[in-house]
Amino acid sequence: MNDYKLLTPGPLTTTATVKQEMLVDRCTWDDDYKAVTLNIRKELLRLAHVTEPEYTAVLMQGSGTFGVESVLSSVVGDGDKVLICSNGAYGLRMTDICTHAAIPFVHYAVPYDCIPDAGRVAELLARDPAITHVAMVHSETTSGILNDIEAVGQAVKAAGRTFIVDAMSSFGGMDIPVADWGIDFLVSSANKCIQGVPGFSFIICRRDKLLASQGKARSLSLDLLEQWETMERDGKWRFTSPTHVVLAFAKALEELAAEGGIRARHRRYEYNNRMLIEKMKGLGFNTYISGEHQGPIITTFLYPQGVSFRFADFYRYVKARGYAIYPGKLTELDTFRIGNIGEIYPEDIEAIVSIISDYLKEAAK
Ligand SMILES: *Cc1c(COP(=O)(O)O)cnc(C)c1O
């Protein structure tokens, strides 16, 4: 198998030391193992700038979507209604989740290169008192756009509703003061900016809102309150926990602290991102998202003009030289995406840009 680094939004390139943690088998009811889960939950609250008892953290088996589905299907009751603000595939996925589970929702969709407007959210909430919850994505990985959850959170809080945020591809790579921004449920996963491996998601919850969800869950295995109640006892997971992934995640949290915490990681990601965009512009690639809304996680580039450009060829060429990139996720435009999170440093950005420059030269021959 070819060895390559991932310039994708997760799973992403992890350190050798994080991977090393997975070489040991753990017993799920062992006290030492359960303590690892309890420590992870504590550390996640610290990273979110919240404390117990106002907030608590729950870990949930499965990929990030399982976490989002767990929250929506557990806390929005049959008599409630959630306003979903979307500007990409992950926002749309929330509407899919609601359709599948027959969760009442209304949809406020904006074009993928625009952000949901806090004033508009306030209007929608004022007009429809039946709306009890608002859900939206922070970093829309579909395009790389960064949504203003702080402004929307203020509108939601002012209207006395519950705010659910999918911060999958931002938490750990961007500072999110969860309580200050009025977030009641924040979902992220092990394999994004914390730089662990895939296998579980986690939810930072306002404890009173979590407790208020009693009796609302539609799914057995994704029941958020049940999961929390079991985990809260002594750190044991309700069903088989992804032991190797949990150990790797604990190590990844240590390494995040050693790097200097979220602020330091954010600086590295942002530096990578700005450097990538600047150098790609030098090669003639424009970004889909305008500078003001472009987030520091992943960038969507438009195909270059005047060169024959096939993504499959391009991907193979780049991979053979040590990097995996991402196809675009827009239907109306030809694009590809490059992520800059994970164990990625300026020398990797130099390298990828130089590979792309070589590709263009060869393609022009
Ligand atoms: C990665 C991601 C998810 C979860 O996707 P999975 O494939 O289930 O891990 C959800 N929302 C956003 C914004 C993401 O980037």
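Remember, it's 1-based here, ligands and their atoms both numbered in the order they're listed. As the structure is a computational prediction, the values presented were derived from the model and not from experiment.
- Nearest residue to atom 15 (O) of ligand 1 from N191, T141, V137 is T141 (criterion: closest heavy atom).
- Remark: ligand 1 atoms within the under-4.0 Å shell around heavy atoms of S139 are 13 (C).
- The residue E140 has no part lying near ligand 1, judged by heavy-atom distances below 4.0 Å.
- At the top of the distance list for atom 3 (C) of ligand 1, counting protein heavy atoms only, stands M168 CG, 3.4 Å.
- In terms of protein heavy-atom proximity, atom 11 (N) of ligand 1 is nearest to D166 OD2, 2.6 Å.
- Remark: distances from the non-hydrogen atoms of G88 to ligand 1 are all 4.0 Å or more.
- A salt bridge does not link E270 with R267: every distance from a Lys NZ or Arg NE/NH1/NH2 to an Asp or Glu carboxylate oxygen is 4.0 Å or more.
- At a cut-off of 3.5 Å, with distance as the only test, a side-chain donor of T37 or W237 sits close to an acceptor on the other residue.
- Salt-bridge annotation for R93 and D96: absent, with no side-chain N of the basic residue lying under 4.0 Å from a carboxylate O of the acidic one.
- Side-chain atoms of Q195 and E343 form a donor-acceptor pair, as typed in the model, at a separation below 3.5 Å.
- Within ligand 1, the atoms closer than 4.0 Å to a non-hydrogen atom of K192 are 1 (C), 2 (C), 3 (C), 14 (C), 15 (O), numbered from 1 in the order shown.
- Residue contacts with ligand 1 for T65 involve both N, CA, C or O and side-chain atoms from C-beta outward (heavy atoms, distance under 4.0 Å).
- In H138, neither the side chain nor the backbone holds a heavy atom less than 4.0 Å from any atom of ligand 1.
- Annotation: cation-pi pair R337/F301 absent, no NZ/CZ under 6.0 Å from the ring centroid and within 45° of its normal.
- Using a 4.0 Å cut-off to heavy atoms of S169, the atoms of ligand 1 that qualify are 15 (O).
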**Request:** Step by step, work out the ring-ring contact (aromatic ring centres under 6.0 Å, His included) result for F171 and F202.
**Result:** CA-CA 11 Å; F171 188 81; F202 54 86; 5.6 Å; yes
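- Here the protein heavy atom with the shortest distance to atom 9 (O) of ligand 1 is G64 N, 3.1 Å.
- Aromatic pair F185/F163: centroids not less than 6.0 angstrom apart.
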**Asked** Going through the checks in order, is the salt bridge (Lys or Arg N to Asp or Glu O under 4.0 Å) test met by R26 and D32?
**Response** CA-CA 9 Å; R26 303 281 166 165; D32 292 339; over 6 Å; no
